Amino acid sequence: RSTTTLLLSLGLVALPGCFNKDKGDTQNPDEAAAGGADGGSATTPSRATQGIETGTRLSRDGGRIKTFETPKDVRTEVVVALPPESGVDLSVSEVRPSMAAAGSQVEIFGSGFVAEAADNKVSSGGTAWEVVAVYGDRLVAKVPAGAPSGNISVAAGVGKGSTSNSFTALGGDAAFEQAVDDLHGLVGTVYALDAEAEGLPDFGSLSASGTIALANFDIAPTPASDFESDLGNYAIRFSGSLSVDGEGEYNLCLNSDDGSRLLLMDTLVVEVDGVHEATEGCELVYLEAGEYDVVIEYFNAASTPNAALQFTWDKDGSGKAAVPASAFFRP
């Protein structure tokens, strides 16, 4: 299209006669057609030369539209997110071991605990326990003197819960009632034997009565404690891991009254089964440095007055000694 046609389409060229003359203009039509009486240009303003007020613009049809400044940025509402209420997702499962003497450390399993140990409240029967440490899935708490038996309550932030199993306070006598004041040692599952025991049972066919912990296995022949008397015939299956610092030949020995069995990495190493007074069995093995899964199985018959369970080792002929508590770790 021609330039004139384009300008017309945009409304930017004024055609003659489109606008009225100013009221004070006396110029006749012939003068206007001839370019004015004095030969000058037409005085009728075109749309393109009309004065435009500041802050306005012309629309295509000649109307005026007010222009506005660029609006300010939309104000962003600041939302302060409050931290979630601590303990709202608290879930408590079991306490292990479920039988322990005063001064022992036990583990209470669950989730949603508060990170700061002192902000978790543990109690049983209204008696407060000391919370020693907090890990992702457990609390470590110390059994107080005079702690009653029963389920253990936990309060963490706004959450509350209790253990699914009951805790039994032991008297702290000899043998299996000794206090274990750290997390070293093995945890044993205790089973009551209905009939007169004559040997190690099939543990898979028994129902557990609870769990206990031993720091080490150095129970020399001793009269039965209250714990043992209450159960009569019983068996215990201890498990965890054994840490070996240096490789070498180890003479591993069990001395027990009545029967016992030692397994490393699910392999039978020593067995002294049967009803008898304290009897020792040993086996020479070569161990590399590392951590080994360990299981010690034991049973005691009510027909024998004493109990005994000792686990010793002798590395490269250096002399027999009880395996220290520092070498055992709970499962």
Side-chain angles (χ1 to χ4, degrees), residues 94-109 117-118 120-135 138-154 163 165-192 208-231 234-243 255-257 260 294 296 298 300 306-312 321-331:
E94 66 169 328
V95 55
R96 191 169 66 205
S98 63
M99 297 185 286
S104 297
Q105 288 189 9
V106 302
E107 295 174 289
I108 300 172
F109 291 82
N120 300 274
K121 308 302 180 183
V122 175
S123 63
S124 62
T127 301
W129 295 37
E130 176 190 355
V131 178
V132 178
V134 181
Y135 301 103
R138 71 196 72 186
L139 296 177
V140 179
K142 182 174 290 188
V143 181
S149 299
N151 293 78
I152 299 176
S153 299
V154 179
T163 56
N165 59 334
S166 179
F167 174 79
T168 300
L170 300 178
D173 297 332
F176 299 105
E177 295 195 9
Q178 59 188 273
V180 182
D181 59 3
D182 59 25
L183 296 184
H184 285 291
L186 303 182
V187 173
T189 303
V190 182
Y191 303 89
S209 299
T211 52
I212 63 171
L214 281 186
N216 58 14
F217 295 81
D218 194 16
I219 303 172
T222 183
S225 68
D226 294 338
F227 165 70
E228 295 156 344
S229 298
D230 288 344
L231 287 177
Y234 62 91
I236 310 175
R237 191 174 195 268
F238 295 95
S239 62
S241 61
L242 173 67
S243 179
N255 183 46
S256 64
D257 179 356
S260 63
V294 61
I296 296 177
Y298 171 79
N300 185 66
N306 292 332
L309 181 58
Q310 295 175 296
F311 178 27
T312 60
V323 179
S326 60
F328 293 114
F329 292 90
R330 297 184 184 183

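A quick note: this is a predicted structure, and the numbers were derived from the prediction, not measured. Computed from heavy atoms alone, side chains included, the values below leave out hydrogens, waters and symmetry copies. Residue numbers run from 1 in the order of the sequence given.
The distance from the CZ atom of R96 to the OG1 atom of T189 is 8.0 Å, given to the nearest 0.5 Å. To the nearest 0.5 Å, the span separating OG on S153 from CD1 on I108 amounts to 9.5 Å. D182 contributes atom CG, which lies 9.5 Å from atom NZ of K142 (distance to the nearest 0.5 angstrom). For the atom pair CG (L186) and CG (L242), the distance works out to 8.0 Å, reported to the nearest 0.5 Å. Rounded to the nearest 0.5 angstrom, I296 CD1 and R237 CZ are separated by 11.0 Å.
The backbone N or O of V180 lies less than 3.5 Å from a partner atom in the side chain of S104, making a donor-acceptor pair. Judged by distance alone, the side chain of N300 and the main-chain N or O of Y234 form no donor-acceptor pair under 3.5 Å. Looking at N120, its side chain never comes within 3.5 Å of a backbone N or O of V154 through a donor-acceptor pair. The backbone N or O of A175 lies less than 3.5 Å from no partner atom in the side chain of T222, so there is not a single donor-acceptor pair. A distance-only check finds a donor-acceptor pair linking the side chain of H184 to the backbone of F328 [under 3.5 Å]. A donor-acceptor contact shorter than 3.5 Å links the side chain of S149 to the backbone of A169. No donor-acceptor pair closer than 3.5 Å links the side chain of Q105 to the backbone N or O of A141.
The nearest pair of heavy atoms linking A101 to E177 is CB-O, 3.3 Å. For the residue pair S124 and P148, the shortest heavy atom distance occurs at O-CG, 3.3 Å. Looking at every heavy atom in both residues, G146 comes nearest to T127 through O-OG1, 4.5 Å. Scanning all heavy atoms of the two residues, the minimum distance from V106 to R330 falls at CA-NH1, 4.3 Å. Across every non-hydrogen atom of S243 and F329, the tightest pair is CB-CE1, 3.9 Å. Nearest heavy-atom pair, S166 versus S98, reported as atom, atom and distance to 0.1 Å: O-CB, 3.7 Å.
Residues I212 and V190 have side chains in contact (heavy-atom distance under 4.5 Å, counting atoms from C-beta outward). Between F238 and F311, every side-chain heavy-atom pair lies at or beyond the 4.5 Å cut-off. D218 has its side chain within reach of Q310: a pair of non-hydrogen atoms, C-beta onward, lies under 4.5 Å apart. Two residues are said to be in side-chain contact when any heavy atoms from C-beta on lie closer than 4.5 Å; D257 and P221 fail this criterion. Looking at V323 and N216, their side chains never come closer than 4.5 Å, going by heavy atoms from C-beta outward. Considering only heavy atoms from C-beta on, L214 comes within 4.5 Å of I219 through its side chain.
Y298 and F176 have their aromatic ring centers within a separation under 6.0 angstrom.
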